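Following: one structure in structure tokens, then a few remarks.
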Amino acid sequence: MGRVACCEKVGLKKGPWTPDEDKKLLDYVRNYGHGNWRSVPAKAGLQRCGKSCRLRWINYLKPDIKRGNFSAEEDHTIIQLHALLGNKWSIIAAHLPQRTDNEIKNYWNTNIKKRLIRMGLDPITHKKIENNTFEPFGGCHEYPKDNINICHVAQWEGARLEAEARGSKLQVGSGSSQLSGLILRKIPTQPCLSSHSVSTKNNTAYNIF
DNA sequence: AATAGCGCCAACCGCCGCCTA
DNA sequence: ATAGGCGGCGGTTGGCGCTAT
């Protein structure tokens, strides 16, 4: 059918938001809620696309957003969840309620990814990089039998986390962070561990860092 | 002091899935 | 059954600030 652009691009402002625009959007959403995002710019008196307003609200203006440096715990949670889920930023973000998917994605790309590479780990599979044998996420077939169970657990946990994240979106503040804490204590190291995994001591990814 | 290079991050883009008429 | 609208997601980009030369 061919989708039209999210909004008429003529005359709409792009680029960084000004304090005045922020105030208008903030005031509007506080007073009336966002409702239909497409109608927000007109009602709030903004020359912006509805998508742009939504993004600005979610990533910056929403009151419960935690900004600034990631704690070691958050760092570990992201790594652990990424090992299970891959680039499912929204699901990972659901387990860090005060962080946005965009922020987590940026943090991953600019920080964790490089750190893993420096450590000789493939940032996609979280496995030791060796002789260029990059495996797509989930490729477990060539690993010892002991690891097959770990792989299954990881896959199962991944699916569960995804379902849980979806659930937590429906129930705001459902305490998913506590749940994720529980999960993280239970999950073994990276899925599909190779025998060269660096986490040999206690068999948890936490020990890597 | 000037400038080139690099890293970070806010914001955009395009696609997808869900919902409704 | 399907066309169209909308929200949401992940990948990418551009600009700004910091650092190295």
Side-chain angles (χ1 to χ4, degrees), chain A residues 1-26 28-29 32-44 46-72 74-75 77-119 122-126 134 136-138 158-159 161-174 176 180:
Chain A
M1 70 184 90
R3 296 180 59 80
V4 293
C6 76
C7 50
E8 299 298 328
K9 298 195 174 179
V10 184
L12 289 180
K13 196 179 168 213
K14 286 167 72 174
W17 282 64
T18 64
D20 185 50
E21 288 176 312
D22 280 345
K23 187 177 182 309
K24 281 180 179 174
L25 182 58
L26 199 57
Y28 179 82
V29 176
Y32 308 106
H34 61 74
N36 182 343
W37 278 112
R38 191 168 285 219
S39 67
V40 166
K43 290 177 181 172
L46 291 161
Q47 299 297 310
R48 292 275 182 174
C49 162
K51 264 190 172 183
S52 181
C53 293
R54 176 185 158 270
L55 211 62
R56 184 65 178 169
W57 172 257
I58 289 173
N59 289 332
Y60 195 84
L61 297 175
K62 232 165 84 175
D64 56 347
I65 287 177
K66 180 177 163 187
R67 305 191 68 80
N69 293 340
F70 280 72
S71 68
E74 288 173 318
D75 190 86
T77 302
I78 293 167
I79 293 166
Q80 195 87 78
L81 291 174
H82 187 273
L84 286 172
L85 301 163
N87 296 356
K88 299 285 182 185
W89 306 118
S90 60
I91 299 169
I92 294 171
H95 289 267
L96 295 165
Q98 293 174 308
R99 300 289 189 179
T100 68
D101 53 356
N102 206 36
E103 200 177 5
I104 292 170
K105 180 170 60 182
N106 281 333
Y107 183 64
W108 175 267
N109 285 327
T110 59
N111 190 314
I112 301 177
K113 196 173 169 182
K114 288 171 190 170
R115 202 194 315 157
L116 289 179
I117 290 169
R118 270 203 307 274
M119 292 167 63
D122 176 18
I124 299 169
T125 62
H126 295 240
F134 276 33
F137 185 73
L161 285 167
E162 196 166 340
E164 187 189 308
R166 291 208 173 98
S168 72
K169 280 177 187 173
L170 297 174
Q171 290 181 306
V172 179
S174 64
S176 61
S180 65

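Chain letters run A, B, ... following the sequence lines, proteins first, then strands; residues in each count from 1. Bear in mind that the values here come from a model prediction, so they are computed numbers and not experimental data.
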**Asked** Counting only side-chain N and O atoms of A/Arg54, is one of them less than 4.0 Å from OP1 or OP2 of C/dG8?
**Response** yes
**Request:** Determine which nucleotide pairs with C/dA1, using a 3.5 Å limit on both distances of a Watson-Crick or G-U wobble pair.
**Result:** none
**Prompt:** Taking the six-membered ring for Trp, are A/His34 and A/Trp37 parallel (under 30°), tilted (30 to 60°) or perpendicular (over 60°)?
**Reply:** parallel
**Prompt:** Should the pair A/Trp89 and A/Trp108 be assigned to parallel (<30°), tilted (30 to 60°) or perpendicular (>60°) ring geometry?
**Reply:** tilted
Among [options], the nucleotide that comes nearest once only the side chain of [X] is considered:
X        : options                : answer
A/Lys105 : B/dA10, B/dA11, C/dG11 : C/dG11
A/Ser90  : B/dC8, B/dA10, C/dC9   : C/dC9
A/Asn36  : C/dT12, B/dG14, C/dG7  : C/dG7
A/Ser52  : B/dC12, C/dG10, C/dG8  : B/dC12

**Prompt:** Contact class for A/Asn87 (heavy atom, under 4.0 Å): base, sugar-phosphate, or nothing?
**Reply:** sugar-phosphate
**Request:** Check every strand shown and say whether A/Arg56 touches a base, only sugar-phosphate, or nothing at a heavy-atom separation below 4.0 Å.
**Result:** sugar-phosphate
**Request:** Report yes if a donor N or O on one partner sits less than 3.5 Å from an acceptor N or O on the other, where the partners are the side chain of A/Lys14 and the base of C/dG14; otherwise report no.
**Result:** no
**Prompt:** Does the base of B/dA11 carry an N or O that pairs as donor and acceptor with the side chain of A/Asn102 under 3.5 Å?
**Reply:** yes
**Item:** Sidechain N-carboxylate O distance under 4.0 Å for A/Arg56, A/Glu21
**Value:** no
**Prompt:** From A/Trp17 CH2 over to A/Ser52 OG, what is the distance, rounded to the nearest 0.5 angstrom?
**Reply:** 5.0 Å
